[in-house]
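All remarks here apply to the structure that follows.
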Amino acid sequence: MNIADLRKSYEKAELSESASHADPLQQFDQWLNEAIRGEVPEPNAMTLATVGSDLRPSTRVVLVKGYDERGIVWYTNYHSRKGRELAGNPFAALQFHWVELERVVRIEGVVEKVSDEESDAYFHSRPLDSRIGAWASPQSEVIDSRAVLVTNAAKYGAQFLLKPPRPPHWGGYRLRPDHWQFWQGRKSRLHDRLRYTLQADGGWLRERLAP
C-alpha cells in the first residue's frame, strides 16, 4: 500500500463553543478523564517539545503526573537533554494525542521546577525499582552497553537498600500554560479546533481556528 493513500474519516464527536468549558483546564480535565474511562492506552502520555541553544527543537514522550490551576507537572532527570534545554530556554510545548477518541490537546507556556517538597513526595511514592533507576541512569549520556545500567542499578540497590533518597539531579517540572488548543477530528477534514489564550486579567480568550 502507498502510505499516501492511508486515510481515516473522523466522525466520533464534535467540539463546539457552547458545549466546551470557558476554562481550558476544565476542558482538559474532562477530556483526560474521558480518555481514562475509555481505556485509551496510556492516556497520561504526552509529547514534550523543547528548544536548545542551537535553536533545534527536540521532542520526547513523558507522563503527566499532576495538573491544577498552577500548571501541568512531570518528573525527569534535570541533567537530561530536556533538562539542559529547559535550563537555557524555559519555554516548552506539550501535546496529548488520544487516537481512539480522535482528539488532540496542545499546551504551551513557561516551565519552572516544582518545589523540593513536591519532588520528594512524588519520588517516594514510586516503586523501588523506579527509584533505583533514577540513580542508575545517566539520562541522555552515551554509555557503552546496557550492562552499565544493570551494574549501576545493582550498585545503588546495594547502597540504598529499601530507602533510596531522591537524587539531587532528579525532580519535577511544571508548565504554566498561556496557550491551549483542543482539536476534535471531524468528517471531510473540517475538524473542530478551539484555542484559548491567557489574557492580562487572568481570563481566557476562546477562539475557533480553521483546521
Side-chain angles (χ1 to χ4, degrees), residues 24-25 28-29 32 36 41-97 105-180 198:
L25 183 64
F28 172 72
D29 180 68
L32 176 58
I36 294 171
E42 293 202 277
N44 57 332
M46 59 186 184
T47 299
L48 164 64
T50 56
V51 177
S53 59
D54 56 1
L55 302 184
R56 294 176 66 97
S58 62
T59 65
R60 72 287 291 161
V61 176
V62 298
L63 302 179
V64 59
K65 291 300 180 179
Y67 62 93
D68 55 25
E69 65 283 351
R70 296 173 297 169
I72 313 295
V73 174
W74 67 94
Y75 293 85
T76 190
N77 187 315
Y78 292 144
H79 294 169
S80 63
R81 179 178 178 180
K82 55 186 171 296
R84 296 194 303 269
E85 291 182 345
L86 287 170
N89 177 21
F91 293 91
L94 305 172
Q95 178 171 289
F96 292 83
H97 187 192
V105 178
R106 296 165 55 186
I107 314 167
E108 300 175 20
V110 66
V111 177
E112 60 191 15
K113 289 181 178 179
V114 306
S115 68
D116 288 342
E117 291 76 15
E118 288 177 272
S119 289
D120 286 340
Y122 175 69
F123 183 80
H124 292 298
S125 75
R126 305 177 84 206
L128 177 61
D129 287 351
S130 296
R131 284 178 278 154
I132 293 297
W135 284 94
S137 176
Q139 195 174 114
S140 298
E141 294 184 15
V142 175
I143 58 176
D144 291 332
S145 69
R146 182 174 177 80
V148 173
L149 300 178
V150 175
T151 300
N152 285 349
K155 179 182 74 172
Y156 288 113
Q159 178 179 342
F160 296 127
L161 300 176
L162 299 178
K163 295 183 177 181
R166 177 175 64 88
H169 58 266
W170 190 98
Y173 287 105
R174 175 178 287 107
L175 182 143
R176 294 192 282 110
D178 50 31
H179 286 82
W180 296 74
L198 184 63

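Quick note: numbers below take in every heavy atom, side chains included, and nothing from hydrogens, waters or symmetry partners.
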Of all heavy-atom pairs between Ala153 and Ala136, which one has the smallest distance, and what is that distance?
N-CB, 3.6 Å
Tell me, with the steps shown, if Phe96 and Ile107 meet side-chain contact (heavy atoms from CB on, under 4.5 Å).
CA-CA 9 Å; Phe96 292 83; Ile107 314 167; 4.0 Å; yes
Closest heavy-atom pair and its distance - Gly157, Ile132:
CA-CD1, 3.8 Å
Please confirm whether the backbone N or O of Leu25 pairs with a side-chain atom of Tyr67, one donor and one acceptor, at under 3.5 Å?
no
Are there over 12 heavy-atom neighbours, none belonging to Leu162, within less than 6.0 Å of that residue's CG?
no
Which one of Arg166, Arg70, Lys113 satisfies the salt bridge (charged side-chain N to carboxylate O under 4.0 Å, His left out) criterion with Glu118?
Arg70
Would you confirm whether Arg84, through its side chain, and Gly88, through its main-chain N or O, come within 3.5 Å as a donor-acceptor pair?
no
Starting from the C-alpha separation in whole Å, work towards a yes-or-no answer on side-chain contact (heavy atoms from CB on, under 4.5 Å) for Val111 and Trp74.
CA-CA 11 Å; Val111 177; Trp74 67 94; 4.1 Å; yes
Return the minimal non-hydrogen interatomic distance between Pro177 and Gly71, and the atom names on each side.
CD-CA, 3.9 Å
Taking the ring of Tyr173 and the ring of Tyr75, is the distance between their centroids below 6.0 Å?
no
Test side chain to side chain donor-acceptor pair (under 3.5 Å) applied to Ser58 and Arg60, step by step
CA-CA 7 Å; Ser58 62; Arg60 72 287 291 161; 2.9 Å; yes
NZ of Lys163 to CG of Leu128: how many Å apart, nearest 0.5 Å?
12.0 Å
Show your working on side-chain contact (heavy atoms from CB on, under 4.5 Å) between Val110 and Phe91 and close with a plain yes or no.
CA-CA 4 Å; Val110 66; Phe91 293 91; 4.0 Å; yes
Are the aromatic ring centres of Trp180 and Phe28 under 6.0 angstrom apart?
yes
CA sep, side-chain torsions, deciding dist, call: Val73, Val114, side-chain contact (heavy atoms from CB on, under 4.5 Å)
CA-CA 8 Å; Val73 174; Val114 306; 4.1 Å; yes
If only side-chain N and O atoms count, and only distance matters, is there a donor-acceptor pair under 3.5 Å linking Thr50 with Glu85?
yes
With the side chain counted from C-beta on, respond yes when Ser140 and Asn77 share a heavy-atom pair under 4.5 Å apart, and no when they do not.
no
So how far is it from Leu48 CG to Thr59 OG1, rounded to the nearest 0.5 Å?
8.5 Å
Salt-bridge test for Glu108 and Arg176: reply yes if a basic N is under 4.0 Å from a carboxylate O, no otherwise.
no
Measure from NZ or CZ of Lys65 to the centre of the six-membered ring of Tyr122, then state whether that distance is under 6.0 Å and the direction lies within 45° of the axis.
no
Do the side chains of Tyr156 and Pro164 get nearer than 4.5 Å, heavy atoms only?
no
Give me the atom names and distance for the closest heavy-atom approach of Arg131 to His124.
CD-CA, 4.3 Å
Donor-acceptor pair, Thr47 side chain versus Val61 backbone, under 3.5 Å?
no
How close do Ala93 and Leu175 get, heavy atom to heavy atom, and via which atoms?
N-CD1, 4.4 Å
Side chains of Pro167 and Phe123: closer than 4.5 Å at any heavy-atom pair?
yes
Return yes if some donor-acceptor pair links the side-chain N/O of Ser137 with the main-chain N/O of Ala134 below 3.5 Å, else return no.
no
Note, Val105 side chain near Met46 side chain (heavy atom, < 4.5 Å)
no
Rounded to the nearest 0.5 Å, how far does CG of Asn44 lie from CD1 of Ile36?
7.0 Å
Mind checking what makes side-chain hydrogen bond (donor to acceptor under 3.5 Å, both in side chains) contact with Thr76, not counting sequence neighbours?
Lys82, Gln139
Smallest separation among heavy atoms of Pro168 and Tyr78, with atom names:
O-CD1, 4.0 Å
Enclosure of Gln159 CD (heavy-atom neighbours >12, cutoff 6.0 Å)
yes
